[in-house]
Amino acid sequence: MASQRIPVTLTINGQKIVRDIEPRTLLVHFLRDELNLTGTHVGCDTSQCGACTILLDNQAVKSCTVLAIQADGSEIVTVEGLEQEQLHPIQEAFREKHGLQCGFCTPGAMMLGAYLLNHNGPLTEETIREQLDGLLCRCTGYENIVRSIQRANEIMNERQNAQQAARATGVG
Amino acid sequence: MYTAPFEYRRADTVEQAIGWLANDPENSKVLAGGHSLLPLMKLVLAQPQVLIDIGRITALKGIRIEGDDVQIGAFTTYREIVESPEVNEFCPLLAQAAQTVGDVQVRNRGTIGGSLCHADPQADMPAAVLALDAELLIEGPSGQRTQSIDGFFLAPFITSLAPGEILTAVKIPKLPAGAHTTYLKRPHPASGYPLVGVGIWLTVHDQVIDNGHIGITGIADLPFRARHLEDFLKGRLLDAATIAQAGPLAADDANLDDDPYKKNLLQVYVTRALSQFGESFAAKGLNGKS
(Lines give C-alpha, C1' and ligand atoms only; values in the text may rest on other atoms or scores of the structure.)
Protein backbone atom coordinates (compact mmCIF):
# COMPACT_ATOMS: atom_id res chain seq x y z
CA MET A 1 0.00 0.00 0.00
CA ALA A 2 2.75 2.41 0.94
CA SER A 3 4.31 1.83 -2.44
CA GLN A 4 1.30 2.99 -4.48
CA ARG A 5 2.44 5.69 -6.86
CA ILE A 6 0.05 7.63 -9.01
CA PRO A 7 0.76 9.86 -11.98
CA VAL A 8 -0.15 13.50 -11.49
CA THR A 9 -0.16 16.23 -14.12
CA LEU A 10 -0.17 19.83 -13.01
CA THR A 11 0.42 23.15 -14.70
CA ILE A 12 2.51 25.11 -12.26
CA ASN A 13 3.32 28.73 -13.01
CA GLY A 14 2.55 28.03 -16.65
CA GLN A 15 4.73 24.96 -16.89
CA LYS A 16 3.33 21.46 -17.32
CA ILE A 17 4.67 19.03 -14.73
CA VAL A 18 4.17 15.26 -14.76
CA ARG A 19 5.32 13.12 -11.85
CA ASP A 20 4.55 9.83 -10.16
CA ILE A 21 3.80 10.50 -6.53
CA GLU A 22 2.74 8.77 -3.37
CA PRO A 23 -0.97 9.59 -2.82
CA ARG A 24 -0.34 11.08 0.61
CA THR A 25 1.91 13.78 -0.85
CA LEU A 26 0.45 17.13 0.17
CA LEU A 27 0.45 19.80 -2.48
CA VAL A 28 2.79 21.96 -0.42
CA HIS A 29 5.33 19.13 -0.15
CA PHE A 30 5.02 18.44 -3.85
CA LEU A 31 5.82 22.08 -4.59
CA ARG A 32 8.65 22.39 -2.11
CA ASP A 33 10.27 18.96 -2.08
CA GLU A 34 9.60 17.60 -5.56
CA LEU A 35 9.83 20.83 -7.53
CA ASN A 36 12.06 22.88 -5.25
CA LEU A 37 9.57 25.73 -5.30
CA THR A 38 10.38 26.70 -1.74
CA GLY A 39 8.73 30.11 -1.93
CA THR A 40 5.55 28.52 -0.56
CA HIS A 41 6.07 28.19 3.18
CA VAL A 42 4.82 25.72 5.75
CA GLY A 43 3.91 27.60 8.91
CA CYS A 44 1.50 25.72 11.14
CA ASP A 45 0.84 22.70 8.92
CA THR A 46 -2.61 22.53 10.54
CA SER A 47 -4.64 24.67 8.12
CA GLN A 48 -4.58 27.78 10.26
CA CYS A 49 -1.82 30.16 9.24
CA GLY A 50 -2.12 30.59 5.48
CA ALA A 51 1.65 30.82 4.80
CA CYS A 52 1.18 27.97 2.29
CA THR A 53 -1.56 29.78 0.33
CA ILE A 54 -1.36 29.29 -3.43
CA LEU A 55 -3.81 29.70 -6.30
CA LEU A 56 -5.43 26.44 -7.40
CA ASP A 57 -7.49 27.08 -10.55
CA ASN A 58 -7.61 30.76 -9.53
CA GLN A 59 -8.83 30.00 -6.01
CA ALA A 60 -6.72 30.83 -2.96
CA VAL A 61 -6.28 27.60 -1.02
CA LYS A 62 -4.02 26.29 1.72
CA SER A 63 -1.66 23.88 -0.01
CA CYS A 64 -0.98 22.04 3.26
CA THR A 65 -4.60 20.86 3.22
CA VAL A 66 -4.81 19.62 -0.36
CA LEU A 67 -3.35 16.38 -1.64
CA ALA A 68 -1.29 16.90 -4.76
CA ILE A 69 -3.33 14.14 -6.37
CA GLN A 70 -6.55 16.08 -5.68
CA ALA A 71 -5.12 18.90 -7.77
CA ASP A 72 -4.42 16.57 -10.73
CA GLY A 73 -5.10 18.44 -13.98
CA SER A 74 -5.27 21.83 -12.27
CA GLU A 75 -3.43 25.08 -12.82
CA ILE A 76 -1.42 26.32 -9.93
CA VAL A 77 0.25 29.66 -9.32
CA THR A 78 2.78 29.98 -6.52
CA VAL A 79 4.59 33.08 -5.34
CA GLU A 80 7.34 32.26 -7.85
CA GLY A 81 4.80 32.67 -10.65
CA LEU A 82 3.46 36.12 -9.73
CA GLU A 83 5.98 38.12 -11.74
CA GLN A 84 5.16 38.37 -15.44
CA GLU A 85 7.50 40.68 -17.42
CA GLN A 86 7.14 43.15 -14.58
CA LEU A 87 6.47 42.75 -10.86
CA HIS A 88 2.90 41.77 -10.04
CA PRO A 89 1.00 44.70 -8.50
CA ILE A 90 0.99 42.87 -5.18
CA GLN A 91 4.79 42.51 -5.27
CA GLU A 92 5.27 46.13 -6.25
CA ALA A 93 2.93 47.21 -3.45
CA PHE A 94 4.52 45.01 -0.77
CA ARG A 95 7.87 46.58 -1.68
CA GLU A 96 6.52 50.11 -1.72
CA LYS A 97 4.48 49.87 1.48
CA HIS A 98 6.92 47.61 3.31
CA GLY A 99 4.32 44.88 3.63
CA LEU A 100 6.63 42.47 5.39
CA GLN A 101 8.69 42.24 8.52
CA CYS A 102 10.32 38.82 8.95
CA GLY A 103 8.92 37.69 5.61
CA PHE A 104 7.79 34.24 6.62
CA CYS A 105 4.07 34.71 5.94
CA THR A 106 4.75 36.97 2.94
CA PRO A 107 4.32 34.35 0.19
CA GLY A 108 0.91 33.47 1.64
CA ALA A 109 0.05 37.13 2.21
CA MET A 110 0.89 37.99 -1.39
CA MET A 111 -1.00 35.03 -2.86
CA LEU A 112 -4.06 35.82 -0.76
CA GLY A 113 -3.69 39.48 -1.74
CA ALA A 114 -3.39 38.57 -5.43
CA TYR A 115 -6.55 36.50 -5.10
CA LEU A 116 -8.45 39.33 -3.39
CA LEU A 117 -7.49 41.76 -6.16
CA ASN A 118 -9.40 39.62 -8.62
CA HIS A 119 -12.24 38.20 -6.60
CA ASN A 120 -13.91 40.51 -4.17
CA GLY A 121 -15.31 43.52 -5.90
CA PRO A 122 -14.37 46.86 -4.39
CA LEU A 123 -11.58 46.33 -1.89
CA THR A 124 -12.22 48.54 1.11
CA GLU A 125 -9.97 48.45 4.13
CA GLU A 126 -12.77 46.66 5.98
CA THR A 127 -13.16 43.90 3.41
CA ILE A 128 -9.39 43.42 3.22
CA ARG A 129 -9.21 43.03 6.99
CA GLU A 130 -12.06 40.55 6.92
CA GLN A 131 -10.52 38.53 4.13
CA LEU A 132 -7.14 38.44 5.85
CA ASP A 133 -8.73 36.17 8.45
CA GLY A 134 -6.95 33.26 6.82
CA LEU A 135 -3.46 34.68 7.26
CA LEU A 136 -1.44 34.75 10.45
CA CYS A 137 1.47 37.20 10.61
CA ARG A 138 3.41 36.45 13.76
CA CYS A 139 5.16 39.80 13.50
CA THR A 140 1.62 41.21 13.71
CA GLY A 141 2.49 43.36 10.73
CA TYR A 142 -1.07 43.53 9.49
CA GLU A 143 -1.19 47.33 9.13
CA ASN A 144 1.31 47.32 6.31
CA ILE A 145 -0.13 44.18 4.75
CA VAL A 146 -3.49 45.94 4.54
CA ARG A 147 -1.86 49.07 3.09
CA SER A 148 0.04 46.93 0.60
CA ILE A 149 -3.10 45.24 -0.67
CA GLN A 150 -4.85 48.60 -0.94
CA ARG A 151 -1.86 49.96 -2.86
CA ALA A 152 -1.76 46.86 -5.08
CA ASN A 153 -5.36 47.56 -6.00
CA GLU A 154 -4.39 51.10 -7.01
CA ILE A 155 -1.39 49.86 -9.01
CA MET A 156 -3.58 47.36 -10.82
CA ASN A 157 -6.06 50.10 -11.72
CA GLU A 158 -3.25 52.47 -12.75
CA ARG A 159 -1.81 49.84 -15.05
CA GLN A 160 -5.19 49.08 -16.57
CA ASN A 161 -5.87 52.77 -17.14
CA ALA A 162 -2.44 53.26 -18.69
CA GLN A 163 -3.08 50.31 -21.01
CA GLN A 164 -6.44 51.69 -22.04
CA ALA A 165 -4.97 55.14 -22.61
CA ALA A 166 -2.18 53.64 -24.69
CA ARG A 167 -4.69 51.71 -26.76
CA ALA A 168 -6.90 54.78 -27.21
CA THR A 169 -4.01 56.85 -28.52
CA GLY A 170 -2.65 53.99 -30.57
CA VAL A 171 0.64 54.08 -28.68
CA GLY A 172 2.39 51.04 -27.25
CA MET B 1 3.49 16.65 7.87
CA TYR B 2 2.53 13.45 6.12
CA THR B 3 -0.53 11.31 6.74
CA ALA B 4 -0.21 7.59 7.23
CA PRO B 5 -0.03 5.82 3.86
CA PHE B 6 -3.32 5.01 2.17
CA GLU B 7 -4.59 3.74 -1.11
CA TYR B 8 -6.12 6.46 -3.26
CA ARG B 9 -9.08 5.87 -5.57
CA ARG B 10 -10.75 8.53 -7.65
CA ALA B 11 -14.40 7.84 -8.35
CA ASP B 12 -15.98 8.94 -11.62
CA THR B 13 -19.53 8.14 -10.53
CA VAL B 14 -21.49 7.87 -7.31
CA GLU B 15 -22.09 4.15 -8.02
CA GLN B 16 -18.37 3.53 -8.28
CA ALA B 17 -17.71 5.37 -5.02
CA ILE B 18 -20.44 3.39 -3.24
CA GLY B 19 -19.07 0.13 -4.60
CA TRP B 20 -15.61 0.86 -3.25
CA LEU B 21 -16.92 2.21 0.02
CA ALA B 22 -19.23 -0.77 0.62
CA ASN B 23 -16.31 -3.06 -0.06
CA ASP B 24 -14.62 -2.12 3.20
CA PRO B 25 -16.59 0.61 4.98
CA GLU B 26 -14.61 0.26 8.20
CA ASN B 27 -11.30 1.17 6.62
CA SER B 28 -12.41 3.48 3.84
CA LYS B 29 -13.16 7.19 3.94
CA VAL B 30 -14.79 9.49 1.44
CA LEU B 31 -12.64 12.48 0.51
CA ALA B 32 -14.52 15.61 -0.59
CA GLY B 33 -12.84 18.99 -0.04
CA GLY B 34 -10.67 17.39 2.61
CA HIS B 35 -10.80 20.31 5.03
CA SER B 36 -12.01 18.22 7.94
CA LEU B 37 -10.55 14.84 6.99
CA LEU B 38 -7.02 15.80 5.91
CA PRO B 39 -6.23 17.73 9.11
CA LEU B 40 -7.38 14.69 11.12
CA MET B 41 -5.27 12.37 8.98
CA LYS B 42 -2.22 14.60 9.35
CA LEU B 43 -2.56 14.39 13.11
CA VAL B 44 -3.07 10.61 12.70
CA LEU B 45 -6.44 10.92 14.45
CA ALA B 46 -7.83 9.20 11.37
CA GLN B 47 -5.99 6.48 9.48
CA PRO B 48 -8.17 5.21 6.65
CA GLN B 49 -6.57 2.58 4.49
CA VAL B 50 -8.51 3.64 1.41
CA LEU B 51 -9.42 7.19 0.43
CA ILE B 52 -12.22 7.50 -2.10
CA ASP B 53 -12.02 10.88 -3.81
CA ILE B 54 -15.47 12.08 -4.91
CA GLY B 55 -14.19 15.47 -6.07
CA ARG B 56 -14.50 14.65 -9.78
CA ILE B 57 -18.09 13.42 -9.73
CA THR B 58 -19.91 16.19 -11.60
CA ALA B 59 -23.31 14.94 -10.39
CA LEU B 60 -22.34 15.98 -6.86
CA LYS B 61 -21.61 19.59 -7.78
CA GLY B 62 -23.67 22.69 -8.18
CA ILE B 63 -26.83 24.40 -7.03
CA ARG B 64 -30.14 24.30 -8.85
CA ILE B 65 -33.83 24.88 -8.30
CA GLU B 66 -35.97 21.73 -8.19
CA GLY B 67 -39.59 22.79 -7.88
CA ASP B 68 -40.00 24.28 -4.41
CA ASP B 69 -36.52 23.30 -3.30
CA VAL B 70 -33.00 24.55 -3.73
CA GLN B 71 -30.90 21.48 -4.36
CA ILE B 72 -27.25 21.71 -3.44
CA GLY B 73 -24.80 19.01 -4.52
CA ALA B 74 -22.83 17.53 -1.65
CA PHE B 75 -19.57 18.58 -3.29
CA THR B 76 -20.47 22.28 -3.36
CA THR B 77 -18.04 24.62 -1.64
CA TYR B 78 -18.90 27.23 0.97
CA ARG B 79 -17.81 29.92 -1.48
CA GLU B 80 -20.18 28.62 -4.14
CA ILE B 81 -23.00 28.70 -1.58
CA VAL B 82 -22.11 32.25 -0.47
CA GLU B 83 -22.07 33.45 -4.08
CA SER B 84 -25.10 31.51 -5.31
CA PRO B 85 -27.98 33.70 -6.55
CA GLU B 86 -30.42 30.83 -5.87
CA VAL B 87 -29.29 30.44 -2.26
CA ASN B 88 -29.32 34.17 -1.65
CA GLU B 89 -32.80 34.51 -3.06
CA PHE B 90 -34.52 31.46 -1.57
CA CYS B 91 -32.56 30.40 1.52
CA PRO B 92 -30.14 33.23 2.39
CA LEU B 93 -29.65 31.77 5.88
CA LEU B 94 -27.46 29.09 4.33
CA ALA B 95 -25.19 31.70 2.71
CA GLN B 96 -25.08 33.68 5.95
CA ALA B 97 -23.81 30.65 7.83
CA ALA B 98 -21.40 29.56 5.08
CA GLN B 99 -19.90 33.05 5.03
CA THR B 100 -18.71 32.58 8.62
CA VAL B 101 -16.98 29.21 8.13
CA GLY B 102 -13.21 29.22 8.50
CA ASP B 103 -11.57 31.77 6.25
CA VAL B 104 -11.34 32.61 2.55
CA GLN B 105 -9.08 29.70 1.72
CA VAL B 106 -11.15 27.21 3.70
CA ARG B 107 -14.39 28.41 2.09
CA ASN B 108 -12.80 27.93 -1.33
CA ARG B 109 -12.21 24.28 -0.63
CA GLY B 110 -14.53 22.96 2.09
CA THR B 111 -17.89 21.51 1.06
CA ILE B 112 -21.37 21.40 2.58
CA GLY B 113 -21.52 17.62 2.25
CA GLY B 114 -18.16 17.21 3.90
CA SER B 115 -19.19 19.41 6.77
CA LEU B 116 -22.48 17.60 7.40
CA CYS B 117 -21.01 14.09 7.14
CA HIS B 118 -18.07 14.98 9.36
CA ALA B 119 -20.73 15.98 11.93
CA ASP B 120 -18.51 18.12 14.08
CA PRO B 121 -20.87 19.42 16.81
CA GLN B 122 -19.09 22.76 16.53
CA ALA B 123 -19.63 23.26 12.81
CA ASP B 124 -21.61 26.25 11.54
CA MET B 125 -23.67 24.69 8.78
CA PRO B 126 -25.90 22.44 10.93
CA ALA B 127 -27.61 25.43 12.57
CA ALA B 128 -28.69 26.79 9.20
CA VAL B 129 -29.52 23.42 7.65
CA LEU B 130 -31.62 22.42 10.68
CA ALA B 131 -33.53 25.71 10.70
CA LEU B 132 -34.12 25.32 6.97
CA ASP B 133 -35.59 21.81 7.32
CA ALA B 134 -33.20 20.31 4.82
CA GLU B 135 -33.70 16.88 3.36
CA LEU B 136 -30.62 14.87 2.62
CA LEU B 137 -30.39 12.74 -0.50
CA ILE B 138 -28.39 9.64 0.29
CA GLU B 139 -27.24 6.80 -1.92
CA GLY B 140 -25.91 3.47 -0.82
CA PRO B 141 -25.57 -0.19 -1.74
CA SER B 142 -29.33 -0.69 -1.31
CA GLY B 143 -30.35 2.30 -3.38
CA GLN B 144 -31.43 5.87 -2.73
CA ARG B 145 -33.19 7.29 0.31
CA THR B 146 -33.97 10.65 1.79
CA GLN B 147 -33.40 11.59 5.37
CA SER B 148 -34.52 14.66 7.25
CA ILE B 149 -31.62 16.65 8.68
CA ASP B 150 -33.41 16.42 12.01
CA GLY B 151 -32.28 12.96 13.05
CA PHE B 152 -29.16 12.86 10.86
CA PHE B 153 -26.76 13.78 13.65
CA LEU B 154 -26.67 10.91 16.15
CA ALA B 155 -23.67 11.83 18.27
CA PRO B 156 -20.56 13.97 17.87
CA PHE B 157 -18.94 12.92 14.55
CA ILE B 158 -21.56 10.21 14.04
CA THR B 159 -24.43 10.42 11.55
CA SER B 160 -27.21 8.13 10.42
CA LEU B 161 -25.29 7.24 7.25
CA ALA B 162 -25.15 3.45 7.02
CA PRO B 163 -21.94 1.70 5.97
CA GLY B 164 -21.39 2.26 2.27
CA GLU B 165 -23.74 5.25 2.04
CA ILE B 166 -22.83 8.61 0.55
CA LEU B 167 -24.59 11.95 0.91
CA THR B 168 -25.24 13.19 -2.61
CA ALA B 169 -27.27 16.39 -2.18
CA VAL B 170 -28.95 18.68 0.31
CA LYS B 171 -32.50 19.74 -0.56
CA ILE B 172 -33.67 22.94 1.05
CA PRO B 173 -37.30 24.07 0.79
CA LYS B 174 -37.54 27.66 -0.39
CA LEU B 175 -38.31 29.99 2.48
CA PRO B 176 -41.67 31.79 2.46
CA ALA B 177 -41.48 35.10 0.61
CA GLY B 178 -40.36 37.91 2.87
CA ALA B 179 -38.81 35.63 5.50
CA HIS B 180 -36.17 37.32 7.60
CA THR B 181 -32.99 35.37 8.30
CA THR B 182 -29.88 35.65 10.37
CA TYR B 183 -26.95 33.53 11.51
CA LEU B 184 -25.17 34.84 14.56
CA LYS B 185 -22.22 33.13 16.13
CA ARG B 186 -19.72 33.57 18.88
CA PRO B 187 -16.51 32.29 17.31
CA HIS B 188 -13.86 30.69 19.47
CA PRO B 189 -11.11 33.34 19.46
CA ALA B 190 -8.44 30.90 18.27
CA SER B 191 -10.18 28.29 16.16
CA GLY B 192 -13.06 30.35 14.77
CA TYR B 193 -15.44 27.46 15.40
CA PRO B 194 -18.73 28.57 16.98
CA LEU B 195 -18.95 28.41 20.76
CA VAL B 196 -22.54 29.02 19.86
CA GLY B 197 -24.17 29.60 16.49
CA VAL B 198 -27.81 30.58 16.09
CA GLY B 199 -29.57 30.30 12.72
CA ILE B 200 -33.04 31.80 12.49
CA TRP B 201 -35.68 32.49 9.91
CA LEU B 202 -38.92 34.23 10.77
CA THR B 203 -41.95 35.45 8.92
CA VAL B 204 -43.66 38.44 10.48
CA HIS B 205 -46.89 40.14 9.54
CA ASP B 206 -48.10 43.29 11.28
CA GLN B 207 -45.36 42.81 13.87
CA VAL B 208 -46.70 39.36 14.75
CA ILE B 209 -44.49 36.32 14.24
CA ASP B 210 -46.24 33.93 11.87
CA ASN B 211 -43.74 31.19 11.68
CA GLY B 212 -40.08 30.58 12.18
CA HIS B 213 -37.40 28.00 12.78
CA ILE B 214 -34.31 28.16 14.92
CA GLY B 215 -31.25 25.92 14.64
CA ILE B 216 -28.50 26.04 17.23
CA THR B 217 -24.99 24.66 16.96
CA GLY B 218 -21.75 24.58 18.88
CA ILE B 219 -23.07 24.68 22.40
CA ALA B 220 -24.51 21.22 23.05
CA ASP B 221 -23.37 17.68 22.22
CA LEU B 222 -25.37 17.94 19.02
CA PRO B 223 -26.80 20.76 16.94
CA PHE B 224 -30.54 21.04 17.59
CA ARG B 225 -33.79 22.75 16.71
CA ALA B 226 -35.04 25.03 19.49
CA ARG B 227 -38.62 23.84 19.20
CA HIS B 228 -39.84 25.15 22.55
CA LEU B 229 -38.64 28.57 21.57
CA GLU B 230 -40.20 28.31 18.11
CA ASP B 231 -43.57 27.37 19.64
CA PHE B 232 -43.33 30.25 22.06
CA LEU B 233 -42.59 32.79 19.33
CA LYS B 234 -45.43 31.85 16.99
CA GLY B 235 -48.29 34.32 17.22
CA ARG B 236 -46.43 36.76 19.44
CA LEU B 237 -45.52 40.35 18.82
CA LEU B 238 -41.90 40.69 17.81
CA ASP B 239 -41.03 43.24 20.46
CA ALA B 240 -38.66 43.73 23.35
CA ALA B 241 -40.91 41.91 25.81
CA THR B 242 -41.14 38.80 23.61
CA ILE B 243 -37.41 38.79 22.96
CA ALA B 244 -36.67 39.12 26.68
CA GLN B 245 -38.76 36.02 27.39
CA ALA B 246 -37.44 34.11 24.40
CA GLY B 247 -33.77 33.95 25.36
CA PRO B 248 -34.12 31.60 28.34
CA LEU B 249 -36.34 29.20 26.37
CA ALA B 250 -33.58 28.44 23.87
CA ALA B 251 -31.87 26.08 26.29
CA ASP B 252 -35.03 24.00 26.78
CA ASP B 253 -34.16 21.72 23.88
CA ALA B 254 -30.61 21.09 25.04
CA ASN B 255 -29.27 19.69 28.25
CA LEU B 256 -27.24 22.63 29.53
CA ASP B 257 -28.34 22.69 33.16
CA ASP B 258 -24.92 21.72 34.47
CA ASP B 259 -23.19 24.45 32.49
CA PRO B 260 -24.38 27.91 33.49
CA TYR B 261 -21.84 29.62 31.21
CA LYS B 262 -23.11 27.86 28.10
CA LYS B 263 -26.70 28.38 29.14
CA ASN B 264 -26.10 32.09 29.53
CA LEU B 265 -24.09 32.35 26.32
CA LEU B 266 -26.92 30.71 24.39
CA GLN B 267 -29.46 33.03 25.93
CA VAL B 268 -27.38 36.08 25.04
CA TYR B 269 -26.91 35.01 21.43
CA VAL B 270 -30.56 34.10 20.89
CA THR B 271 -31.56 37.47 22.35
CA ARG B 272 -29.09 39.30 20.12
CA ALA B 273 -30.12 37.37 17.04
CA LEU B 274 -33.80 38.12 17.60
CA SER B 275 -33.02 41.73 18.38
CA GLN B 276 -31.44 42.05 14.94
CA PHE B 277 -34.86 41.41 13.46
CA GLY B 278 -36.33 43.99 15.78
CA GLU B 279 -33.78 46.46 14.46
CA SER B 280 -34.41 45.61 10.84
CA PHE B 281 -38.16 46.06 11.34
CA ALA B 282 -37.60 49.26 13.26
CA ALA B 283 -35.52 50.57 10.39
CA LYS B 284 -38.41 49.85 8.04
CA GLY B 285 -40.92 51.44 10.42
CA LEU B 286 -42.64 48.11 11.02
CA ASN B 287 -42.02 47.81 14.71
CA GLY B 288 -44.46 49.86 16.73
CA LYS B 289 -42.37 49.41 19.84
CA SER B 290 -39.31 51.19 18.50
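Note on naming: letters A, B, ... go to the chains in the order of the sequence lines (proteins, then strands), and numbering restarts at 1 for each one.
Each of A:Gln48, A:Lys62, A:Gln131 was compared with B:Asp103 under the side chain to side chain donor-acceptor pair (under 3.5 Å) criterion, and only A:Lys62 meets it.
Ranked by heavy-atom pairs under 4.5 Å with chain B, the list A:Thr46, A:Thr53, A:Leu135 is led by A:Thr53. Taking chain B as the reference chain and counting heavy-atom pairs below 4.5 Å, the highest number among A:Val61, A:Asp133, A:Asp45 is found for A:Asp45.
Using modelled atom types, one side-chain atom of A:Arg5 and one backbone atom of A:Asp20 make a donor-acceptor pair closer than 3.5 Å. Side chain of A:Gln59 to backbone of B:Asn108: no donor-acceptor contact under 3.5 angstrom is found.
Residues A:Val77 and A:Met111 meet the side-chain proximity criterion, which asks for heavy atoms closer than 4.5 Å.
A:Leu132 does not touch chain B: none of its heavy atoms, backbone or side chain, sits under 4.5 Å away. Contact of A:Val42 with chain B is not made at all, since no heavy-atom distance falls under 4.5 Å. For chain B, the nearby parts of A:Ile69 are the backbone and the side chain; heavy atoms of each come within less than 4.5 Å. Heavy atoms of B:Leu37 lying under 4.5 Å from chain A are absent altogether. For A:Thr65, the parts lying near chain B are the backbone and the side chain together; criterion is any non-hydrogen pair under 4.5 Å.
B:Thr182 and B:Gln96 share no side-chain donor-acceptor pair at under 3.5 Å.
Between B:His188 and B:Tyr193, a ring centre-to-centre spacing not shorter than 6.0 Å is recorded.
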